[in-house]
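For reference, the structure discussed in these notes is given below.
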Number of protein chains: 2
Amino acid sequence: MVSVSAYGQYCPLAMASDILCNRWTLLVIRELLDGSTSFNEIGRGLPLISRSLLSRRLRELDSSGIVTHQPGARGSSGAYHLTAAGQALESVVRAMAIWGQEWIDEEPSLEDVDVRFLMWDIRRNVKPIAELPPRFTVRFDFEDAPDGLREHWLVFEGTEVDLCYVDPGHEIDVHLETDLRTMTRVWMGWDDLDAALREERILLTGARKPIGLVRQWLGLSKLAEISKRPPKDRVLRPRDAVGNV
Amino acid sequence: MVSVSAYGQYCPLAMASDILCNRWTLLVIRELLDGSTSFNEIGRGLPLISRSLLSRRLRELDSSGIVTHQPGARGSSGAYHLTAAGQALESVVRAMAIWGQEWIDEEPSLEDVDVRFLMWDIRRNVKPIAELPPRFTVRFDFEDAPDGLREHWLVFEGTEVDLCYVDPGHEIDVHLETDLRTMTRVWMGWDDLDAALREERILLTGARKPIGLVRQWLGLSKLAEISKRPPKDRVLRPRDAVGNV
DNA sequence: CAGTATCCGATGCGATACTG
DNA sequence: CAGTATCGCATCGGATACTG
């Protein structure tokens with residue numbers, strides 16, 4: 001490629017898409033916008049990225065001037081942060097996420113939900129409200145998750161919320177049983193929490209008061225308020241359009 | 001790849017970037033948003049895309065439900081149009097273009113401007129204002145364009161504006177002489193037209209009245225009103241960051 | 001003009017193995 | 001924990017040649 005850019009244009013859209021439209025790049029930026037700063041934190045929100053590629057993407061973003069990196073001193077974690085230009089990408093990320101939420105058919109994505117990513121995502125937007133006990137523990141039980149990943153604990157302590165894959169040993173205040181599909185649909189605003197509870201697709205047991213407050217502490221994805229367009233107008237991802245014959 | 005999407009996520013941003021973040025895809029959509037409907041029209045705004053790839057991208061967008069295509073009956077041109085979901089991508093394209101205009105260092109892109117693309121782009125936003133004569137012809141002369149591409153004609157007739165690469169034979173009303181870099185910078189809002197005229201980096205000769213109205217009929221890129229951030233905050237494209245040592 | 005099929009080199013990226 | 005170097009396959013995409 002002899003040209004000055006992959007697209008050979010001075011057009012700002014072409015230059016931007018040269019930088020941004022690579023596999024994983026926008027998702028890495030989303031993680032940074034959501035406040036992750038360490039290598040492993042970022043990777044945790046990107047379940048399928050290989051570590052070498054994450055490393056490369058972060059380096060590219062650094063050399064572009066979208067991310068800065070203080071290397072961690074001796075074993076401790078370095079920190080990645082967005083520059084001003086990186087922060088400004090929030091408008092791009094938001095526009096694309098909103099478009100996806102409005103227009104993309106979600107059905108295929110529900111077939112194989114990664115439970116670790118789902119829980120990590122839920123943790124992002126959980127609300128440690130004052131009405132909860134000083135330490136409040138919820139156990140999630142996904143009946144259809146792979147062995148060893150059925151149970152997850154969310155531990156609210158003050159303003160901190162910890163996510164565990166192994167029993168932290170605390171007394172359980174609330175126990176939530178459901179399947180991955182239902183939890184994902186409710187979380188994303190594609191299904192109604194009240195309906196799911198009524199129809200017992202989600203079972204909540206334990207202390208009565210926090211159960212009554214579930215809508216507050218559970219929160220929902222930031223995109224849940226954007227509603228989907230009617231099915232006939234929706235977009236399919238290529239793989240879906242081709243496969244499944 | 002076994003997963004339901006390249007990113008294995010129900011996240012709308014991941015699904016959207018799976019569809020949109022491929023080489024050329026957003027630029028094809030930009031062309032459609034700008035009103036191009038035929039294969040060659042679209043290709044004209046994408047100087048470096050290969051025809052087979054353009055064909056494939058259009059087919060992908062069609063099967064996703066972002067574009068519709070009526071095949072042309074017998075030798076006549078078919079037509080591509082955006083669906084409702086495709087139209088809605090305007091917010092994404094705009095956000096990314098604005099970000100690029102604000103934050104990306106434009107310097108490298110000026111080194112090798114494709115004059116055909118520049119003229120095609122200028123034609124997009126030219127204004128056939130009423131004060132011009134019924135037929136108004138401007139000849140552009142780029143001193144540094146490759147042989148055979150130095151001269152371009154813009155012919156305003158009523159509300160139509162035609163772009164020619166060969167002499168249409170009409171009498172020239174206005175003659176504009178400059179270099180590619182200056183024209184691009186002015187067009188994109190990176191340089192001031194008045195300054196360029198004053199410093200004679202752009203020479204305008206011919207009929208006095210239209211010359212006085214140049215700011216109106218020439219127009220500027222839609223992005224010209226967005227101003228760049230200070231150089232120290234700007235972003236470089238990877239290739240630029242690496243090369244040029 | 002409006003595309004499409006095929007070929008094949010370039011690159012992208014995941015796996016693996018490694019360091020501090 | 002926080003990364004990086006290398007290798008090799010798989011996919012991408014440009015060139016070319018072709019059809020209606």
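Every heavy atom of this structure was used, including side-chain atoms; hydrogens, water molecules and symmetry mates were not. Predicted model only: the values in this text are computed from it and were never measured. In what follows, chains are A, B, ... by sequence order, proteins preceding strands, each numbered from 1.
- Between A:Arg234 and A:Glu106, at least one side-chain N (NZ, or NE/NH1/NH2) sits under 4.0 Å from a carboxylate O, which counts as a salt bridge.
- Listed by chain and residue number, A:Tyr7 satisfy the ring-ring contact (aromatic ring centres under 6.0 Å, His included) test with B:Trp24 (two or more places apart in sequence, or in another chain).
- Phosphate contact (OP1/OP2 of D:dG14, side-chain N/O of B:Arg23, threshold under 4.0 Å): present.
- Residue B:His69 places no side-chain N or O under 4.0 Å from the OP1 or OP2 atom of C:dA2.
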Could you list the donor-acceptor pairs under 3.5 angstrom formed between side-chain atoms of residues 29-40 of chain B and any protein atom two or more places apart in sequence or on another chain?
from, atom 1, to, atom 2, distance (Å)
B:Arg30, NH2, B:Gly45, O, 3.2
B:Glu31, OE1, B:Arg124, NH1, 3.3
B:Glu31, OE2, B:Arg124, NH2, 2.9
B:Asp34, OD1, B:Lys222, NZ, 3.2
B:Asp34, OD2, B:Arg124, NH1, 3.4
B:Ser38, OG, B:Glu41, N, 3.2
B:Asn40, OD1, B:Arg51, NH1, 3.3
B:Asn40, OD1, B:Arg51, NH2, 2.4

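- Taking B:Phe140 as the reference, nothing meets the ring-ring contact (aromatic ring centres under 6.0 Å, His included) condition, with sequence neighbours excluded.
- Remark: C1' of D:dT4 and CZ of A:Arg56 are 11 Å apart, rounded to the nearest angstrom.
- Rounded to an integer number of Å, the gap from CD1 of B:Ile49 to C1' of C:dA2 is 15 Å.
- For A:Leu53, taking side-chain heavy atoms from C-beta onward, the closest of the listed nucleotides C:dG14, D:dA2, C:dC1 is C:dG14.
- A close approach under 4.0 Å does not occur between any side-chain nitrogen or oxygen of B:Tyr7 and OP1 or OP2 of C:dC13.
- A salt bridge links A:Arg139 with A:Glu151; the closest basic N to acidic carboxylate O contact falls under 4.0 Å.
- Between the P atom of C:dG3 and the CD atom of B:Gln70 lies a distance of 11 Å, rounded to the nearest Å.
- In this structure, B:Glu41 atom CD and C:dC1 atom C1' are separated by 13 Å, rounded to whole Å.
- Residue pairs satisfying the salt bridge (Lys or Arg N to Asp or Glu O under 4.0 Å) criterion with at least one member in residues 81-93 of chain B, sequence neighbours excluded, are listed as follows: B:Glu90-B:Arg94.
- Remark: C1' of C:dG14 and CH2 of A:Trp24 are 12 Å apart, rounded to the nearest angstrom.
- The distance between atom CD of A:Glu60 and atom P of C:dC13, rounded to the nearest whole Å, is 9 Å.
- Partners of A:His170 by ring-ring contact (aromatic ring centres under 6.0 Å, His included), not counting sequence neighbours: none found.
- In this structure, B:His81 has no ring-ring contact (aromatic ring centres under 6.0 Å, His included) partners at least two apart in sequence or on a different chain.
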Give each protein N/O atom lying under 3.5 Å from an N/O atom of nucleotides 15-18 of chain C, with the pair distance.
from, atom 1, to, atom 2, distance (Å)
C:dA15, N6, A:Ser52, OG, 3.3

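- An OP1 or OP2 oxygen of D:dT4 is reached within less than 4.0 angstrom by a side-chain nitrogen or oxygen of A:Arg59.
- Atoms CG (A:Asn22) and P (C:dT11) sit 14 Å apart, rounded to a whole Å.
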* Determine which bases of DNA chain C form Watson-Crick or G-U wobble pairs with both distances under 3.5 Å, and write the result as a 5' to 3' dot-bracket string with | for other-strand partners. => ||||||||||||||||||||
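- Between D:dG13 and B:Arg57, a contact under 4.0 Å exists linking OP1 or OP2 to a side-chain N or O.
- Residue pairs meeting the salt bridge (Lys or Arg N to Asp or Glu O under 4.0 Å) criterion with at least one member in residues 153-169 of chain B, sequence neighbours excluded, do not occur.
- Atom CZ of B:Arg51 and atom C1' of D:dG14 are 13 Å apart (whole Å).
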